[in-house]
Amino acid sequence: MPELPEVEVVRRGLERHVAGRTIGAVSVLTARSVRRHAAGPQDLVTRLVGRRLGSARRRGKYLWVPLDDAAPHRAGEALLAHLGMSGQLLVRPAAAPAERHLRVRVRLDDGNELRFVDQRTFGGLAVVRLAASADDGAPVPEPVTHITVDPLEASFDLDAVTGRLRRRRTGVKRALLDQTLVSGVGNIYADEALWRARMHYARPTETLRRAEVVRLVDAVRTVLVEALDDGGTSFDALYVDVNGRSGWFDRSLAVYGQADRPCPRCGTPVRRDQFMNRSAYTCPRCQPRPRRGRW
DNA sequence: ATCGTAGCCTGGAGGC
DNA sequence: TGCCTCCAGGCTACGA
């Protein structure tokens, strides 16, 4: 499940393998994978062919590559990608056999292809215009303007996030998953950060003391950075491994997916709860359920 | 305005 | 073996 660290790994790969390349033929094999491109697959192809790929950028779980062009009416466009649940961006020789869930091929001028592969088609590609972020005013793709600065960005404002979090009236995990409050965190890193901060997911945000919020947001940042350090070592495999394997599934996780296994801190068996039609993993001893919990 | 939920989607796992 | 059900979850749209 690509969350911020995994998407950042992909961004670095794009930076290394496709920046500066010019796009040749583009082929959309699954229209659903470009459904966010409002004008349709053919328009997406037209807007991509002949463009030069710039330096890959990321905010939260969104990834984009600016499209340079001499044509002024096309200035300020970018190829936007969201990996959803199962999306991958692979760079492969154009002649390499198609992957099982290959959705979009983008031919490059160096004999390679940028390939969007996505089993469950929650992710997708689009060509969109850049606009000012509602949060910090930075140029981001139009569909990303509502996504807040993520914890790894230089402009990340701990005080601002602390304030916004404390003004919420909801459970703390719900808040962490809200990409307008803090971006880049999904189910895995929310659970890992809550465990690190020794906080239960149902803790009502309005009962959080300022110091607790700081501790939590620090835990979020630490968890993301550590995951990135782990993933970063194997990221190139994404682009050269014949299987296109990412290697981000075998990271060491304290609680996520660890039901009944011992908490690394105290040995108590990790518990799995139903939460938002999904799962929440906690150590029942390190993260006791609050008396007045809020989902 | 804010909060909470349904639905999108496919393949692997496990029960019978 | 094969059929069935459950489960994974980021995001948007929509209802309360």
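Residue numbering restarts at 1 for every chain, and letters A, B, ... go by the order of the sequence lines. The figures here come from the full heavy-atom set of this structure, side chains too, leaving out hydrogens, waters and symmetry mates.
Remark: the A/Arg278 side chain and the C/dA8 base include no donor-acceptor N/O pair separated by less than 3.5 Å.
For residues 144-153 of chain A, the pairs satisfying salt bridge (Lys or Arg N to Asp or Glu O under 4.0 Å) are A/Arg58-A/Asp150, A/Arg59-A/Glu153, with sequence neighbours left out. Sorted by first then second residue, the salt bridge (Lys or Arg N to Asp or Glu O under 4.0 Å) pairs that include residues 116-125 of chain A, not counting sequence neighbours, number zero. Counting only residues at least two apart or in different chains, salt bridge (Lys or Arg N to Asp or Glu O under 4.0 Å) contacts with residues 22-42 of chain A are absent. Annotation: salt bridge (Lys or Arg N to Asp or Glu O under 4.0 Å) contacts involving residues 261-271 of chain A, sequence neighbours excluded, comprise A/Arg271-A/Asp273.
Under the rule for a side-chain hydrogen bond (donor to acceptor under 3.5 Å, both in side chains), A/Thr46 has no partner lying at least two apart in sequence or in another chain. Scored by the side-chain hydrogen bond (donor to acceptor under 3.5 Å, both in side chains) test, A/Ser33 finds no partners at all (sequence neighbours excluded). Partners of A/Lys173 under the side-chain hydrogen bond (donor to acceptor under 3.5 Å, both in side chains) rule, at least two apart in sequence or in another chain, are A/Asn187, A/Asp191.
Note on A/Ser279: only backbone sugar-phosphate atoms sit closer than 4.0 angstrom, heavy atoms only; bases stay farther off.
The C1' atoms of five pairs define one axis at each end of the helix from B/dT2-C/dA16 to B/dC16-C/dG2, and these two axes lie 50° apart (to 10°).
A/Val117 pairs with exactly one of A/Leu83, A/Val104, A/Leu102, A/Leu89 by the side-chain contact (heavy atoms from CB on, under 4.5 Å) rule, that one being A/Leu102.
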Report all interatomic pairs (protein N or O, nucleotide N or O of nucleotides 12-16 of chain C) with separations under 3.5 Å.
from: C/dT12; atom 1: OP1; to: A/Tyr62; atom 2: OH; distance (Å): 3.1

